[in-house]
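Notes for the one structure printed next.
Just so it is clear, the values below take in all heavy atoms, side chains as well, and ignore hydrogens, waters and symmetry mates. To find a chain, count down the sequence lines: A is the first, B the second, and so on, and within it residues start at 1. This one's a predicted model, so the numbers in the text were calculated from it and none came from an experiment.
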Amino acid sequence: MNPPLVTGDMLRAAIPFILLAAGGTVVSLAGAWRSKRGALFAALFLVLAFWKLFPLLDLEKGIELWDGAVVADRMSAFLGGMLLLSGLFALIVSPPVLRREGRNRAEYYGLILFSLSGMVLFVSTTNLLVLFLALELMSIPLYVLSGYNRGDDRSGEAALKYFLLGSFSSAILLYGAALLFGATGTINMAAMTGGDPLLATAGAFLVLTGFLFKMAAVPFHMWAPDVYDGAPTPITSFMATSVKIATFGALLRIFSLAGGAANPFAHILTGENAAKILPWLAVMTMTLGNVCALTQTNIKRMLAYSSIAHAGYLLLGLIPGSGAVDAKGILYYLFAYLLMTTGAFTVVIALSTRDKGREVTGVERYAGIGFRRPFLGIAMAVFLFSLAGIPPTAGFFGKYLLFSGAVHRGLTPLVVVAVLNSALSVYYYLRPVVVFYMRDTDTPVRVDDALSLRVASLAAVVLLIWFGCLPNIGSLPGVPALLHWVGSAAAALP
Amino acid sequence: MTVETSLLWIVLLPLLGAAVNGITAAAAARWGKKVPHGFSGAVAVAGPTLAFLLAVGVFRALQGMEEGHALVVNELFRWIDAGRFRADVTLLADPLSAVMLLVVTGIGGLIHYYSIGYMSHDEGHTRYFAYLNLFLFFMLMLILGDSLLTLFVGWEGVGLCSYLLIGFWFEDTEKAQAGMKAFVVNRIGDFGLLLGMLLIITTLSAGGEGTLVVREIAHRLGEFPPGVLEAVGLLLFAGAVGKSAQIPLYIWLPDAMAGPTPVSALIHAATMVTAGVYMIARMGFLYDHAPLASGVVLVVGAATALFAAIIGIAQNDIKKVLAYSTVSQLGYMMIGVGVGAYAAGIFHVFTHAFFKACLFLGAGSVIHAMHHEQDIRKMGGLLKKMPLTGWTFLVATLAIAGFPPLSGFFSKDEILWKAFSGENAALPWAPRFAWLLGTIAALLTAFYMFRLFFTAFLGKPRGKAVEAHESSPFFTVPLVILALGAALTGFLGVPSVVGGSNRFEHWLAPVFETSHGGGEAIGAAHAGGHGVEIGLMAGAVVIALLGTLLAYFLYVKRKEVPGRIAERHPALYTLVRDKFYVYEAVFAAVIYPVVSLSRRLLWRIVDVRIVDGIVNLAGHLSRGVSYTLRFVQTGQVQTYAFILFTALGIFLWKVL
């Protein structure tokens, strides 16, 4: 007799994804009654999914379903947790913005849940077909959400650009997947071996390009500043964090499969010519991101370029050098990045104003805000310090882990470039702080005092410092506990 | 409550007090309100008082334990876990830290109480009490930490608080600068301490896990090569030179008088400056095997004792006299620990805490009554005007001058005897040399202290002294308690020669027992017989008497003589009055060249032209590139797609 197609074990592994997808449907349908409580419903499903995800963190051995279509292990659980956290932040900070617009509609939150379900699936599959489906599932809601600000023509423009260029990249990824299938005869990346080297390498590289586009690595980054700038700020924050977590998480899984030299992706990591590409990409990404951020006067655009630069630092962790991919460093860094970026965008939301339907986020408008709004000022300073990598924040510790790991793998020249880049970045990160505290104007600035914004930024500040420098205090987890989780998640990979 | 928990609370209570007062002060400043004086005072006193009671409990518990195993340990949490180095925050009380604990909380508590009276008219009293509590907290961390790292946290914290308190009246630039000077000079020494700690870690990492836990270091002392041992000893001593105000880094201490007088009492008597002596006693096991480092401690201590005493003769500011006397007494303590007589050194810390706190608080009482007049030449006859202050001051003066049976006699005599009979393998002449300098300094101590007493308290009232009257009980109660201590604590350490049992040394013996395991290098080994010891004791009494009589002769009987001496030897007088121009010498030899080099070469040329030039160039370049790249970001989807596919093409071509 054939084994049953679905077992309880399988259901347990897939349930977070199912809950998110179902939640997306339910919340969207709730829009039919013009429900104002979309965010609450969505948060309910999200917490439920989180609760179901939590036990997976202790999985001894990964569960593989349907020939690698869904893999549940500690890695996917940890990444899923971060994704849900990013989604939760988006749900918390969105309502004030949408209420300002008078567009607080349930489908917005439904779309966030759909996108999240795609991301959770994206980081827990080794099957090329499912990978593509997950990619589309996470991207299409984001295209829609980018254009959610109908009153602002930049929002629509952002959506269109993102959609067009995103489609190109999806097509490239799909083409790569086809080549890989043609070369190896399977769509399960874990089982791929051999095949025509030219075909396999080309396929792997095209798939990689799809990822590079999503993480906004230079030179596939062109869409990012425009889209980040035009999209509603909560969506920008959500995109900038969750999409990065999803792409780097999925890449970690794929690259860790490339242990066997016959795997097509091993060509990219260790092949004679191809292995030079990743270091170049990393250098270009961090340098261009930082250099372009220098002259931005719009804080949203500045953060967009900064997120490109951070993708560059993260790429360092994907270069095996003389060792293996630095999953631990990447995971920790993603966690820090999630908190500091979301936090910074939250402050931007609180400070942004509207002028004829357009969102205004110029830095210079906020002169002296640090003294008039002490909490916002301090919170923003913490986020920016962390982004710049200044202790005692998690941003510093994450950079330390990534860079020291790279040095141990023999990548010292790259680390030198990265450190120089960090130094460069201090300039533009500190400029808002300078404006906040060292300039003053008489023009009053409107600030959104919504409780949810304060809660979100306070939580981000506390977590950033807590997981940046504190030890385990009693049963409260600190840095060592986080490192332990990160380590056990990384150990779940082959 | 278990003893372990009370150990934690001893540390936490002052911190809590600091937090409450600190937050209140900040809140009051924010909303422009005033904090009731009684409130902040009560909060500030509560912490140390409760801590003192708990400390007594800990002390009793230690007494009840088996000798040699008297330890209370409270492991709090793991602080650092990095590769081969681990650091836990653990509180540890043994007989040595228990003694310090009682001194810090007890005398510190009295000083807090006294401060309520002294700071009653000051606007910033809440802030003041917050700092004072914080000071105590760090000092307790320093004492109770079981590793050099926790000690270092306290060490630096104490430095920070001294900066805050010395510069408490920061509106006065000179006072703010005194705070800065204390901080910076201390940092120089701290640098040595830090290097010493790092050297310990690197040495121990070679043979296992790097650690800074004192007991572990003692246990693994064999892993240190002899040369490294000496280096560690010297580096740690550099830290002690800064904190305990030895030559040449003592220059911060006299300036530290700028702070409120209770602060001076706290810094000089109960906390801070004793930290260096405590640290060396704590690391005694190491110094026993580092004869050169011990010899240096000994010689520097002796030189400081004499040198500061000489300067003390010609000071006219009541607080300055006391400041130099502290420096001099610290020199004695260093002689004690330098010759391996750690118990004697700590005993002097203990007795000194009483009489010096009494002297400073007495001086504070006088200054308060004299409306901030500090020049002793403008005082006089205060004994009649302020009897309690005057008589307690006299008791403390007798104690510091070394009259039996007051406390200072026993502790100072113990140190000099240990120095006389001590040995040092690296510098054989050092112990006798230290004894000689110490003995001369003892004569001078009696002289300058009685000069102060006779001038300020006897004779006819001058100036504002005419209207001076006794201070409130906030002042006098601590004075009486401290005077009693100054008079009586000596009996804890009566040497066996005169029929005592030296309970103090006996109490501390288990702590230093380990250190005398290999005491072949240094130590108070061969007693020169009881006769010699008693002879020296008698000599000390004679010397104290001599100094006193000399002061009596010069400042009561023939008041014109000192003026004539100063006239006849103007050079000598100015030399002593101006403190041998040490600060000026340091300024000319170190500070001026460094500053002018910095200003002329490093700043105007290297920094402005070269460094800034490069930085500006890099900045302009980056911004230029950034502006150029903006043109690529056209906003046209076609451009973006073009770049995407072109890049993809190039990469594919390269990859394949």
Side-chain angles (χ1 to χ4, degrees), chain A residues 154 157 160-165 168-169 172 197-199 201-202 204-206 208-209 212-213 218-226 267-268 271-277 280-281 284 287-288 290-296 301 305 374 420 423-424 427-428 470-474 478-480 483, chain B residues 8 12 26-27 29-31 74-83 85-90 149-150 153 611 614-656:
Chain A
R154 285 178 308 171
E157 192 186 322
L160 189 65
K161 274 181 189 163
Y162 197 19
F163 170 63
L164 285 174
L165 293 167
F168 288 143
S169 80
I172 292 170
L198 186 75
L199 220 53
T201 312
F205 188 76
L206 289 175
L208 176 68
T209 307
L212 292 173
F213 175 85
V218 177
F220 308 108
H221 70 286
M222 304 290 288
W223 59 275
D226 293 4
H267 296 298
I268 292 183
E272 196 185 336
N273 294 321
K276 288 179 193 148
I277 297 284
W280 272 109
L281 279 169
M284 285 198 303
T287 311
L288 194 111
N290 280 322
V291 168
C292 285
L294 283 182
T295 44
Q296 300 304 326
R301 264 188 112 75
Y305 280 111
L420 286 176
L424 192 62
Y427 173 76
Y428 64 81
L470 289 186
N472 296 341
I473 295 172
V479 179
L483 286 176
Chain B
L8 178 61
L12 282 188
R30 173 76 176 73
W31 286 293
N74 187 355
E75 288 173 21
L76 293 181
F77 58 91
R78 170 145 295 175
W79 182 17
I80 300 173
D81 187 350
F85 177 72
R86 291 217 168 77
D88 297 310
V89 175
T90 299
L149 198 62
T150 11
V153 171
V611 178
I614 293 171
V615 171
N616 287 338
L617 187 70
H620 285 307
L621 213 65
S622 309
R623 285 177 69 95
V625 173
S626 186
Y627 276 118
T628 324
L629 284 172
R630 284 182 114 168
F631 290 107
V632 183
Q633 194 81 30
T634 52
Q636 296 270 342
V637 185
Q638 289 90 332
T639 321
Y640 296 177
F642 174 75
I643 290 174
L644 197 159
F645 283 108
T646 316
L648 183 63
I650 294 172
F651 281 133
L652 270 180
W653 179 55
K654 282 279 171 201
V655 169
L656 299 176

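- Contacts with chain B were tallied for A:Leu212, A:Val479, A:Ile172; A:Ile172 has the most, counting heavy-atom pairs under 4.5 Å.
- The two residues A:Phe168 and B:Ala641 have their closest heavy-atom pair at CE1-CB, 3.7 Å.
- Contact of B:Leu648 with chain A is made through backbone and side chain together, with heavy-atom distances under 4.5 Å.
- With contacts defined as side-chain heavy-atom distances shorter than 4.5 Å, the pair B:Leu652/A:Thr209 does not qualify.
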Quiz item: When you look at B:Leu629 and A:Leu288, which way does the side-chain contact (heavy atoms from CB on, under 4.5 Å) test go after all the steps?
Solution: CA-CA 9 Å; B:Leu629 284 172; A:Leu288 194 111; 3.6 Å; yes
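- Residue A:Pro480 does not touch chain B at all, counting heavy-atom pairs closer than 4.5 Å.
- Only the side chain of A:Leu424 comes within contact range of chain B, judged by heavy atoms closer than 4.5 Å.
- Looking at A:Ile268, there are no atoms closer than 4.5 Å to chain B (heavy atoms on both sides), in backbone or side chain.
- Under the 4.5 Å side-chain criterion, counting only non-hydrogen atoms from C-beta, A:Leu165 is in contact with B:Val637.
- Within a 6.0 Å sphere centred on CZ of B:Phe642, heavy atoms belonging to other residues, nucleotides or ligands number 12 at most.
- Contact annotation for B:Arg623: both backbone and side-chain heavy atoms come within less than 4.5 Å of a heavy atom of chain A.
- B:Tyr640 touches chain A through backbone and side chain together, each having a heavy atom under 4.5 Å away.
- Residues A:Met222 and B:Gln633 share a closest heavy-atom pair of O-NE2, 2.8 Å.
- Of the two parts of A:Thr295, the backbone and the side chain both hold a non-hydrogen atom closer than 4.5 Å to a non-hydrogen atom of chain B.
- Under a 3.5 Å cut-off, the side chain of A:Lys276 and the backbone N or O of B:Lys654 do not form any donor-acceptor pair.
- Only the side chain of A:Leu164 comes within contact range of chain B, with heavy atoms under 4.5 Å apart.
- The two residues B:Ser622 and A:Leu294 make their nearest non-hydrogen contact at CB-CD1, 3.2 Å.
- The two residues B:Leu644 and A:Phe220 come nearest to each other via the heavy atoms O-CE2, 3.7 Å.
- Counted within 6.0 Å of CZ on B:Phe651, heavy atoms from surrounding residues, nucleotides or ligands total more than 12; the atom is thus considered enclosed.
- For A:Arg301, the part lying near chain B is the side chain, with the backbone staying farther off; criterion is any non-hydrogen pair under 4.5 Å.
- For B:Ser626 against A:Val291, the heavy-atom pair with the smallest separation is OG-O, 2.7 Å.
- For chain B, the option among A:Leu160, A:Ile277, A:Thr287 with the highest count of heavy-atom pairs below 4.5 Å is A:Ile277.
- Residue contact with chain B, scored on non-hydrogen atoms closer than 4.5 Å, is absent for A:Leu470.
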